[in-house]
Structure formats: structure tokens, C-alpha cells
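Below, read A as the first sequence line, B as the second, and so on, with proteins coming before strands; counting in each chain starts at 1. If you're wondering where the values come from, they're calculated on a predicted model, not measured in any experiment.
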Amino acid sequence: MDHMEDRTELNELMAVRREKLQDLLDLGIDPFGEKFVRTHAAQEILDNFEDLEEQETVIAGRIMSMRTHGKASFADLMDHTGRIQLYFRADTLGEELYNLMQKLDIGDIVGIQGRIFRTRRGEISVEVQAVKLLSKSLRPLPDKWHGLKDVDLRYRQRYVDLIVNPGVREVFEMRSKIIQSLRNFLIAKGYIEVETPMLNVIAGGANARPFTTHHNALDMDLYLRIAPELYLKRLLVGGFDRVFEIGKNFRNEGISTKHNPEYTSCELYMAYGDANDMMELTEEIFAHIAKEVVGSTKITFQGQEIDLTPPWPRKPMLEAIKEFSGVDLTGLNDEEARAKAKEKGITVEPNASYANVVEEFFDAFVEPKLIQPIFITDHPVEVSPLAKRKKDDPTLTDRFEPFIVTWEVANGFTELNDPIDQEQRFRQQVEQRDQGDDEAHMMDEDYIRALEYGMPPAGGLGLGIDRMVMLFTDSPSIRDVLLFPHMRPRAEK
RNA sequence: GAGCCAUUAGCUCAGUCGGUAGAGCACCGGACUUUUAAUCCGGGUGUCCCGCGUUCGAGUCGCGGAUGGCUCACCA
């Protein structure tokens, strides 16, 4: 490959680096290195200096800054654990090698063999005895002090963001720990991890617009899944007792600080359980992860202390509405409900149903107030087509949504296992669909058939992993917890 | 999809009343053998997001567009 190609399109800073690259090639030095065996990580040396002082070490990483002083120079080397200072001496390296080292650029990845010591100013450092260039950097990094702030560039070029903004990697390390903690917790509770299709013939399990795609060999359109729910419950029919799946869902909807078109959920199902079990499990999960990842069930989000210690209060949706809006919507018909909405200045569709009005009231008066963890329970049956009706009120369901910092962080219920009721609910959804609600459920005959074979009573829970990570990492935007959030493609500068 | 705001050097930003573009870091050359936002001397590297318009003259004013952020709407 000709490393000098496209030279005319490069700015001066990049042109200079290409020249240095060519100089290295001319000297017979491979600028892109090879396998390199390290003995330590930067942080390891800093943490164990007492034992390691005056010992030899082999480390590798990216040069983040350089301070040259004639015949002696300092540089900061960054690896995946942190930064450590390098000390170059002409005496140690010899003039020739020392001068070559002066040609290193910020951003170059090097392997170092050297002696661990502490400088006069007290900084733990490595005096370099041998250097191997592992990767020449051909683009300048952003300002060492201000870093990369342009959020557009941070998301589009996350690799640069990760190099220069130290907090970013921590967020994603925490994300990994949170998911690992959740997975271990569920496995310890007897849940089996499964994978179900993301390419669906019917997109079910939620009210959402799906993405469509096409299978060429079968010449058929498919949907990307909007939820794994209906597949997971088929597994309960098949005899699995407790299952969970962590994975992506795809919803063809707006993008915001809390929504990305593809997002990660954890859904789990417990045969012979109910919504109550799921609420207790939700509390346990949040408390467990908080303890493992943050070290306490009290966490801070955007300056507010959030106490995740179980148990969390529970409040039926209609009671919450009554409490925060002063309006009791219990037992009203559609028309009466719409009248109440008008009274309180809530705009609803002219033909809005009772359930629609309840949702609008909830969103307007209740949701913004729910800072500390709370379970909102007993959702109207019309907006909960997969949940079992309450024994004492068939217009409501045995469902709950936990709210924290005004976000709905999960959704769970006692699963509807009556195939006849389920079929009616689907028919209702299809009717809404026919009336233009393209987020209503599609009819899923096979799911009905599965229920007809018999599904044990069960509790189910869906957790929004991204929001959970936002909460635990104190991140106000979902983009901060997604390595590559969805962005509109843009022409190269 | 609507409203508000932003876009100037590789990065972070300034740019007055409309008069022809600036700082710090980075980079290039030089000095300097324990510095650490090293220091000192010298060097400004640019499609001022794009287009059209007003004007003798536009980074600056007007209109249109692009991209992004925030808020709202939909959703988890």
C-alpha cells in the first residue's frame, strides 16, 4: 500500500505525520508493530510501587503528552488502566535512539521496556530502556486540556472520545458490570438465558412501530422485533420454568435523550409467579446492582439522592392520578373521562377512550413527580393487552411500572394465560390497528395456539437496560450510555 | 414533525459599529539532562457549515438549506 496516497487532501498536521511515517519506513522500522507481551498495566505499577521500585517492566499504550528538555524528555503513556509517566534520557538510550524518540508524536502507540522509579518531584515513572513503535498515529488528537467537547463529533468518532475523555470509558465499563451483575443475579435465581428471533414475521409484545426488512431467499418482508415477550412466553408453554433474554429491540420511533431506535432490554418470565413476585424481584435487582456497581443502595443522579433500598412504595395508577391532579377517574365512561380532561386543560383526541384519558392524566400530573422509586400499579386493560385482569376489577390489570427520576425503568405484570381472553384482546388491538393505530398489536395466531396448549400462570418483567445504566452512571442522555448512538449520516468534512 | 440555540484553524474558543481573521493547546524550527497544562525564542497552518441576496465591501445583516444540541410531541 502506498502510504503517501491522497497526500493532497491532507492538512499540514497530517502531512507532517505522513512524512514521519515515510522516514520510519526508510529507516527500516515497521510503524505498525506486532504482538507485544506486557508485564504490567499502568495502574498496577502506580498501585504497587513500593514492591516494584527499581524493577524492570514492560508496558504499552498511547503517548498522550510530551515534555522535552533537550537531552532528557518526559511523556505520559495511557493504557486501559490509566496513565504513567515515561522518562527518556540520552545517556540511557544513546544519542541515535534518543533523537529518534524525539520524533514520536502524541497519539503514537508504543511498547516500552524500562525501570520503575520515582522522580525528584515524586511522580512514579518508567525510565525507558527500549522502545518499540506499535502503531504510528497519523491524525492529531484534540486539545490535551479541553479534550473533545463537540457532542456531534464525540458520538460520531467515539474512538476519539474514548481516548481523550477519561470518564467515557468508565461509563461503558460500568455498563458491562451492570449487565454482568444482572445476568449473574438471574442465573443464581434459577433463570435460564435464552435467545429468540430478532427477525419476526409478526412484531408483537409491545405497542410500537416496527422496522421492516426483507429476506431475499424467501422473498418476504420481515420485522425487526419490538420485544421478545411472545417468544419467551412460548417457552413457558414449552416447560421452561424461568427464562430471561438480554438483547436489542428496535422501534421505528422518535429519537430523544431517553430514546434510541435500537435499545437493550432484559425480559424475564417466572412460571407459577405473579406481578407481586416481579415487583419484589425488581427491587432486589436494582438494590443488588447498586450495591455491586456503586457500592450502596443510595445513589446520586444529577445531584439528587435516590434511595433504591427495598421495599418501594406501591400505588395504583388511579389513586396516583387522584393524589396529584385531584381528579378521580375511577369508573368513568369514555365521554365522562374526556369531560374531565377538558376540565383540567388536557388535550385528548375527540374519540379518546377512557384508558387514553387515564394515560394522559398520568403523564401530565403524576410522572413528572415520581423521583424516588415507586411502583405504579393496576393499569387499564385496554393499554395492557398481554396482562391478566385483576380478580376484583376486570377493567384493570395486575400490572406495574416502576418509576425512578420520572423515568419508567421497567414494566411487568401477571401474564395473561387465558387464550380466549387473549384472542379477544388481540382482536381489539387489530380493530385499533384498522382504525389507523399502527402501534397496536397484530394478530398472532400461533401465540394463541401456544396458550391453548396451556401456559402456567406467570409473572413477567421487562427492564430498560439503557435507562438503568443512565441511572447508575449519572448520565442525563441515553447517548451517553450507548457507544455508538444513532446519528444521521453526514458527509465527510 | 414544531420551537429555541449553535456551527470560525486539528481541538477549545474570541471576533466590537459591516472594512477583508485572532488566542491557547496541538504542529514546525531553535535552546534546555527529573519535567508535569514544563519554560524560553521564532513561525498562523483557515471552504468563517452551504447557497442566494442586500452592500463599494459580509464571519458579522436578510432569506433558504444542512448538521447538531435542548425543549415539546410519540415511545421504553
Side-chain angles (χ1 to χ4, degrees), chain A residues 10-17 19-20 64-76 83-93 95 98 103 105-107 117-125 127 137-157 160-161 163-165 205-210 226-227 248-267 347 359-360 363 367 383 401-403 407-411 437-439 462-468 470 476-479 485 487-491 493:
Chain A
L10 304 176
N11 66 40
E12 191 197 324
L13 295 182
M14 288 178 65
V16 166
R17 294 202 175 198
E19 276 164 24
K20 289 183 179 176
M64 295 305 290
S65 67
M66 296 213 287
R67 298 173 289 283
T68 62
H69 297 255
K71 300 281 186 254
S73 304
F74 296 90
D76 290 330
R83 289 188 183 210
I84 190 161
Q85 179 168 266
L86 303 179
Y87 177 47
F88 297 88
R89 278 172 68 100
D91 294 350
T92 315
L93 291 166
E95 290 280 327
Y98 181 80
K103 296 278 184 191
D105 283 308
I106 290 174
F117 77 111
R118 196 191 282 273
T119 64
R120 274 181 211 157
R121 296 294 185 90
E123 175 142 355
I124 295 166
S125 307
E127 182 180 352
S137 173
L138 298 178
R139 282 179 187 267
L141 284 172
D143 190 292
K144 66 178 174 186
W145 194 245
H146 298 97
L148 184 65
K149 288 194 174 155
D150 184 322
V151 282
D152 184 28
L153 275 182
R154 283 188 50 219
Y155 299 140
R156 285 182 197 278
Q157 300 181 21
V160 178
D161 190 31
I163 292 168
V164 299
N165 294 326
N207 292 83
R209 267 199 305 264
I226 55 175
K248 289 268 178 87
N249 296 323
F250 305 87
R251 300 194 180 175
N252 207 339
E253 285 153 1
I255 299 173
S256 80
T257 49
K258 289 187 225 23
H259 300 88
N260 197 63
E262 51 180 301
Y263 73 98
T264 303
S265 76
C266 172
E267 284 201 13
T347 40
E359 276 194 313
E360 292 296 330
D363 291 349
E367 207 176 72
V383 295
E401 290 177 318
F403 283 82
W407 305 336
E408 181 194 339
V409 292
N411 177 25
D437 179 358
D438 51 8
E439 290 180 5
L463 296 158
I465 298 295
D466 307 288
R467 287 188 185 175
M468 197 183 259
M470 288 165 71
S477 168
I478 195 169
R479 294 187 181 95
M487 302 287 277
R488 204 183 291 246
R490 197 168 71 163
K493 257 189 180 176

A.B. asks: When you measure from the side chain of A:I478, which nucleotide among B:rA76, B:rC13, B:rC70 comes out closest?
C.D. replies: B:rA76

A.B. asks: Using the C1' atom as the point on both nucleotides, what is the distance between B:rG59 and B:rA9, in whole Å?
C.D. replies: 14 Å

A.B. asks: Test A:D91 against A:K71 for side chain to side chain contact (heavy atoms under 4.5 Å, CB included), laying out the working first.
C.D. replies: CA-CA 8 Å; A:D91 294 350; A:K71 300 281 186 254; over 6 Å; no

A.B. asks: Of the listed nucleotides (B:rG69, B:rC28, B:rC74), which one gets closest to any side-chain atom of A:V16?
C.D. replies: B:rC28

A.B. asks: Take the protein atom CD1 of A:I255 and the nucleotide atom P of B:rA73, then report the distance between them rounded to whole Å.
C.D. replies: 17 Å

A.B. asks: Does B:rU67 pair with anything, Watson-Crick or G-U wobble, both distances under 3.5 Å, and if so, with which nucleotide?
C.D. replies: B:rA6

A.B. asks: Using a 4.0 Å heavy-atom cut-off, does A:D363 contact any base of the nucleic acid, only the sugar-phosphate backbone, or nothing at all?
C.D. replies: nothing

A.B. asks: Given that both distances must come in under 3.5 Å, which nucleotide forms a Watson-Crick or G-U wobble pair with B:rU34?
C.D. replies: none

A.B. asks: Between the protein and nucleotides 36-39 of chain B, are there any N/O to N/O pairs under 3.5 Å, and if so, what are the atom names and distances?
C.D. replies:
from, atom 1, to, atom 2, distance (Å)
B:rU36, OP2, A:R121, NH1, 2.9
B:rU36, O4', A:R67, NE, 3.3
B:rU36, O2, A:Q85, OE1, 3.3
B:rU36, O2, A:E123, OE1, 2.8
B:rU36, N3, A:E123, OE1, 2.5
B:rA37, O3', A:K144, NZ, 3.3
B:rA37, N1, A:W145, NE1, 3.2
B:rA38, OP1, A:K144, NZ, 2.3
B:rA38, OP2, A:R67, NH1, 3.3
B:rA38, N6, A:T68, O, 2.7
B:rA38, N1, A:H69, ND1, 3.3

A.B. asks: Roughly how many Å apart are B:rC4 and B:rA58, using the C1' atom of each and rounding to a whole number?
C.D. replies: 25 Å

A.B. asks: Which base sits across from B:rG62 as a Watson-Crick or G-U pair, both distances under 3.5 Å?
C.D. replies: B:rC52

A.B. asks: First locate atom CZ of A:R154, then atom CG of A:D161, and finally report the distance between them rounded to the nearest 0.5 Å.
C.D. replies: 4.0 Å

A.B. asks: Let me see the working for A:K258 and A:I478 under side chain to side chain contact (heavy atoms under 4.5 Å, CB included), right down to the final yes or no.
C.D. replies: CA-CA 5 Å; A:K258 289 187 225 23; A:I478 195 169; 5.6 Å; no

A.B. asks: Counting Watson-Crick and G-U wobble pairs only, both distances under 3.5 Å, name the nucleotide matched with B:rC17, or none.
C.D. replies: none

A.B. asks: In whole angstroms, how far is the P atom of B:rC74 from the CG atom of A:D438?
C.D. replies: 14 Å

A.B. asks: Report the distance from atom CD1 of A:I124 to atom P of B:rU34, rounded to the nearest whole Å.
C.D. replies: 20 Å

A.B. asks: Reckon A:R251 has a side-chain N or O less than 4.0 Å from the OP1 or OP2 of B:rC74?
C.D. replies: no

A.B. asks: Could you measure between the two P atoms, the one in B:rU8 and the one in B:rC49, and give it in whole Å?
C.D. replies: 6 Å

A.B. asks: Using whole Å, report how far CG of A:D105 lies from C1' of B:rC11.
C.D. replies: 16 Å

A.B. asks: Taking only the P atom of each, what is the distance from B:rA37 to B:rA26 in whole angstrom?
C.D. replies: 12 Å

A.B. asks: Report the distance from atom CG of A:D152 to atom P of B:rU67, rounded to the nearest whole Å.
C.D. replies: 11 Å

A.B. asks: Taking any heavy-atom pair under 4.0 Å as a contact, classify A:G147: base, sugar-phosphate, or nothing.
C.D. replies: sugar-phosphate

A.B. asks: Test A:S125 against A:T119 for side chain to side chain contact (heavy atoms under 4.5 Å, CB included), laying out the working first.
C.D. replies: CA-CA 7 Å; A:S125 307; A:T119 64; 3.4 Å; yes

A.B. asks: With nearest nucleotides of RNA chain B determined for A:E262 and A:L148 from heavy-atom distances, which residue corresponds to the more 5′ nucleotide?
C.D. replies: A:L148

A.B. asks: Calculate the interatomic distance between A:D161 atom CG and B:rG69 atom P; express it in whole Å.
C.D. replies: 13 Å

A.B. asks: B:rC11 and B:rU7: how far apart are their C1' atoms, nearest whole angstrom?
C.D. replies: 15 Å

A.B. asks: Taking the inter-plane angle between the rings of A:H69 and A:F74 on a 0 to 90° scale, is it parallel (under 30°), tilted (30 to 60°) or perpendicular (over 60°)?
C.D. replies: perpendicular

A.B. asks: Please check the phosphate of B:rC70 (OP1 and OP2 only) for any side-chain N or O of A:R479 closer than 4.0 Å.
C.D. replies: yes

A.B. asks: Assess whether side chain to side chain contact (heavy atoms under 4.5 Å, CB included) is satisfied between A:K144 and A:I106, documenting all intermediate values.
C.D. replies: CA-CA 10 Å; A:K144 66 178 174 186; A:I106 290 174; 5.8 Å; no

A.B. asks: With P as the reference atom in both, quote the distance from B:rC28 to B:rA38 in angstrom, rounded to an integer.
C.D. replies: 16 Å

A.B. asks: Between A:K71 (NZ) and B:rU35 (C1'), how many Å, whole number?
C.D. replies: 17 Å

A.B. asks: Calculate, to the nearest 0.5 Å, the distance between atoms OG1 and CG belonging to A:T264 and A:D466 respectively.
C.D. replies: 4.5 Å

A.B. asks: Of A:P261 and A:A72, whose closest RNA chain B nucleotide lies nearer the 5' terminus?
C.D. replies: A:A72

A.B. asks: For B:rC72 and A:K258 - does any side-chain N or O of the residue sit under 4.0 Å from the phosphate oxygens OP1/OP2?
C.D. replies: no

A.B. asks: Suppose we screen for side-chain contact (heavy atoms from CB on, under 4.5 Å). Which residues come up paired with A:A227, at least two apart in sequence or across chains?
C.D. replies: A:A206, A:R251, A:E267

A.B. asks: Which residues pass the side-chain contact (heavy atoms from CB on, under 4.5 Å) test with A:K103, not counting sequence neighbours?
C.D. replies: none

A.B. asks: Between the base of B:rU33 and the side chain of A:D91, is one N or O donor paired with an acceptor at under 3.5 angstrom?
C.D. replies: yes

A.B. asks: Dump the pairs, protein N or O against N or O of nucleotides 40-47 of chain B, anything under 3.5 Å, distances to one decimal.
C.D. replies:
from, atom 1, to, atom 2, distance (Å)
B:rU45, O4', A:E12, OE1, 3.3

A.B. asks: Could you tell me which residues satisfy side-chain contact (heavy atoms from CB on, under 4.5 Å) with A:P140, sequence neighbours excluded, listed by chain and number?
C.D. replies: A:L13, A:M14

A.B. asks: For B:rG44, which nucleotide is its Watson-Crick or G-U wobble mate, given both distances must be under 3.5 Å?
C.D. replies: none

A.B. asks: Does A:R67 come within less than 4.0 Å of A:D76, counting only side-chain N to carboxylate O?
C.D. replies: yes

A.B. asks: So, using side chain to side chain donor-acceptor pair (under 3.5 Å) as the criterion, who are the partners of A:E127 when residues are at least two apart?
C.D. replies: A:T92, A:R115

A.B. asks: Consider the side chain of A:S256, meaning its heavy atoms from C-beta on, and name the nucleotide among B:rA73, B:rC27, B:rU34 that approaches it most closely.
C.D. replies: B:rA73

A.B. asks: If we call it a pair only when both distances are under 3.5 Å in a Watson-Crick or G-U wobble match, what pairs with B:rG1?
C.D. replies: B:rC72

A.B. asks: What's the gap between B:rC63 and B:rC5 when it is taken at their P atoms, as a whole Å value?
C.D. replies: 12 Å

A.B. asks: CZ of A:R156 versus P of B:rU7: gap in Å, rounded?
C.D. replies: 17 Å

A.B. asks: Looking only at atom C1', what distance separates B:rC13 and B:rG30, rounded to whole Å?
C.D. replies: 29 Å

